[in-house]
Protein chains: 2
Amino acid sequence: MSTIGKALTLLDTISRLEKEAGLSDIARHCGLDKATARRFLVELEKHGFVEQDMETRRYRLGGAPVRLARIRETRFPYLSVATPFAKELASLTGETVHLSEHAAGRLSTIHVEDSQRAHRVIVDVGSILPFHATASGLGFLAFCPQKEIDAALSAPLQAFTDHTLTDPTALRQTLGETLRRGYSICHHGLETGVVSVAAPIRAPGSTPVGAIAIAAPATRADKETVEQMGRAVMATARRISERLFGLEQAAADPLARRAG
Amino acid sequence: MSTIGKALTLLDTISRLEKEAGLSDIARHCGLDKATARRFLVELEKHGFVEQDMETRRYRLGGAPVRLARIRETRFPYLSVATPFAKELASLTGETVHLSEHAAGRLSTIHVEDSQRAHRVIVDVGSILPFHATASGLGFLAFCPQKEIDAALSAPLQAFTDHTLTDPTALRQTLGETLRRGYSICHHGLETGVVSVAAPIRAPGSTPVGAIAIAAPATRADKETVEQMGRAVMATARRISERLFGLEQAAADPLARRAG
DNA sequence: GTCTTTCGGTTCATTATTTGAACCTCAGCT
DNA sequence: AGCTGAGGTTCAAATAATGAACCGAAAGAC
């Protein structure tokens, strides 16, 4: 792997750590030499991607990504467009709603609207959503070109719970159903006791850019409620897509593209 | 410079380009070989920091920084805390208000609340604010330790307009006044016809994390109005700082620290 | 229609950078 | 005192970055 790749992987690792971490910790997590990790950290710090607390000597995420994210957001206002819809969906359903974005071949949570209920599902901003074990992942993947699906299913698939689907054939069938239905359903894929539904956010002809999902405790998610939430999330995803990519959306037939 | 540094500089360059750019363009802007630029871009793309438009083959900022920025924001909610105050200040004064953050030794604009007036100052999100030629820069620097001031003033200072102060001695005096006054004033420093005032956002004992500024057309900024805006921006900066760092703020004497 | 330039992208011998074991110093523990 | 693991540094050995020259495609010039 190139030096750049290693440094960016280190940055990614830092972003996943619960909180500020020391040099040795970081080196261990990345499988890097201490000296190498330090050089990377110094370099990343020079550019504002990490910060070092002068007292504790620990490292944390820096401010540089904020600037980049704001620039990206002015060019492609995904968050600012989608957030109000997510809020609306959260208050409509009373459940936790989260938005994810596709980047670097992964789906990452970029916004969460928490349910107001005491018993609710917690989703962390920044968490990575595995394609095969989350409604977001399935909803995203179902509307991707076959090539992406193959790539996602060829990697070894981790079973997070007893219910996690890890058989590629079964998953392909699930994706087919999702595509026909228009939204995905995931029972206990990543955590037991959680049911979620999701739909992709996408320009008509192309790969989705992300997904919006509702996550509810299984105790509140009977068949009818799930269907209701599914239709709601699908409608919201469509409205967000229309706002982002224009109004051509309505005409496009999602099934047509898959024929090739 | 290390490879990582070069790659991050390339990323920074892309972020500054008006819009999507081609390979040769980017290589030229960075002073890099075409082959090298490409390797960097591919590596950055793998990690989601840049995206390539498959049709035009041009490169643009990717989605990865959004995830990092959101994580940073949950740990240190600068934007979400400060934005409502900026909004309030904008509607109070009727002028453009912008927030900046200090990272990688630079002050970058991370949020703008536009004035509602027809004749107004435009500030771009993502733009870098030179320390010596903007109210934000002066307001930030004035409250920094002497070491930072020396560093900022030792570099060659560009004159953006006929009014830009570039003499270190004069600037040091301005910084002294700013420190005593509590907010900075900048007449035509970066663009002619613009007057702005700013105040730093900071924890009591330490270097500021950013600044908040009001920018108005000079025609609307007589002495009294400037004073009024200055007091307003200072009060707002203080309130933001209190929200971010706790309530110790009020007790701290900004002049005390500089004695050493 | 053909020539020319410029584009994005690739190759591979040369070159410069990265690498990591060993080392240092310091703080906290036994 | 002696030990342990922290952050940080050094320098010869190993490895990865580099860029001139190259390709095919496409846009402009003539």
Side-chain angles (χ1 to χ4, degrees), chain A residues 1-62 75 103-105 145 147 151 206-207, chain B residues 1-62 75 104-105 147 151 206-207:
Chain A
M1 193 195 266
S2 76
T3 309
I4 299 169
K6 279 180 265 184
L8 295 179
T9 303
L10 182 148
L11 185 61
D12 192 77
T13 304
I14 289 182
S15 78
R16 267 177 236 261
L17 296 174
E18 290 294 316
K19 45 197 295 185
E20 308 178 16
L23 171 61
S24 300
D25 251 4
I26 293 171
R28 254 191 306 274
H29 273 97
C30 302
L32 286 174
D33 185 86
K34 210 169 36 149
T36 305
R38 174 130 217 287
R39 271 192 302 274
F40 287 179
L41 285 166
V42 168
E43 214 59 43
L44 288 167
E45 187 177 27
K46 271 189 205 157
H47 292 260
F49 286 84
V50 304
E51 279 175 357
Q52 185 174 29
D53 189 306
M54 273 311 141
E55 289 179 29
T56 65
R57 311 250 91 188
R58 293 161 105 79
Y59 298 88
R60 75 176 93 93
L61 220 47
R75 312 237 238 264
K147 201 178 133 199
S206 46
T207 302
Chain B
M1 192 195 265
S2 75
T3 309
I4 298 168
K6 279 180 265 185
L8 295 179
T9 303
L10 182 148
L11 184 61
D12 191 76
T13 304
I14 289 182
S15 78
R16 267 176 235 261
L17 297 174
E18 290 293 316
K19 47 199 293 184
E20 307 177 16
L23 171 61
S24 301
D25 250 3
I26 292 171
R28 253 192 306 274
H29 273 97
C30 303
L32 288 173
D33 186 88
K34 212 171 36 154
T36 304
R38 174 131 218 288
R39 272 190 303 270
F40 288 177
L41 285 166
V42 168
E43 214 59 42
L44 288 167
E45 186 177 29
K46 270 189 206 158
H47 292 260
F49 286 83
V50 304
E51 280 176 357
Q52 184 173 30
D53 189 305
M54 273 312 143
E55 288 179 28
T56 65
R57 309 250 92 187
R58 293 161 105 79
Y59 297 88
R60 73 173 96 93
L61 221 46
R75 310 238 238 266
K147 201 179 134 198
S206 49
T207 302

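Protein chains get the first letters and strands the later ones, always in sequence-line order, with residue 1 at the start of each. All of these numbers come straight from a predicted model, not from anything done at the bench.
What separates CE of M1(A) from P of dT15(D) is a distance of 17 Å, to the nearest Å. Protein atom CG of L32(B) is 13 Å distant from nucleotide atom P of dA17(D), rounded to whole Å. Between the P atom of dA25(D) and the CD atom of E55(B) lies a distance of 20 Å, rounded to the nearest Å. Atom-to-atom, CD1 of I4(B) to P of dT18(C) comes out at 7 Å; the value is rounded to the nearest Å. Distance F40(B) CZ to dG9(C) P: 16 Å, rounded to the nearest Å. Taking atom CD1 of residue I26(A) and atom C1' of nucleotide dG8(D), one finds them 14 Å apart after rounding to whole Å. Rounded to an integer number of Å, the gap from CZ of R58(A) to P of dG8(D) is 12 Å. The CZ-C1' distance, from R39(B) to dT11(C), rounds to 10 Å in whole Å.
A 4.5 Å side-chain heavy-atom check between E20(A) and T56(A) finds at least one atom pair inside the cut-off. The closest side-chain heavy-atom distance from L8(B) to I4(B) is below 4.5 Å.
Scanning atom types as modelled, no donor and acceptor separated by under 3.5 angstrom connect the side chain of K34(A) and the base of dG20(C).
Each of K6(A) and R57(A) has a nearest nucleotide on DNA chain D; the 5'-most of these lies closest to R57(A). Checking A35(B) against D25(B), the closest nucleotide of DNA chain C that is more toward the 5' end is the one next to D25(B). Comparing T3(A) and A21(A) by the nucleotide of DNA chain D that holds the closest heavy atom to each, the one mapping nearer the 5' end is A21(A).
Side chain of E45(B) to backbone of Q52(B): a donor-acceptor contact under 3.5 angstrom is found.
Between R28(A) and dG7(D) there is no side-chain polar atom (N or O) within less than 4.0 angstrom of OP1 or OP2. Close to dA16(D), at under 4.0 Å from its OP1 or OP2, lies no side-chain N or O of S2(A). Taking side-chain N and O atoms only, Y59(A) has a distance below 4.0 Å to OP1 or OP2 of dG8(D). Here S24(B) does not reach the OP1 or OP2 of dT6(C): none of its side-chain N or O atoms lies under 4.0 Å away.
Taking every heavy atom of both residues into account, A21(B) and D25(B) meet most closely at CB-CB, 4.2 Å.
Among the nucleotides dC7(C), dT18(D), dG20(C), the one closest to the side chain of D33(A) is dG20(C).
No hydrogens or angles considered: a donor-acceptor pair under 3.5 Å links the side chains of T36(B) and R39(B).
Residue Q52(B) is in sugar-phosphate contact alone, with no base atom involved, counting any heavy-atom pair closer than 4.0 Å across all strands shown.
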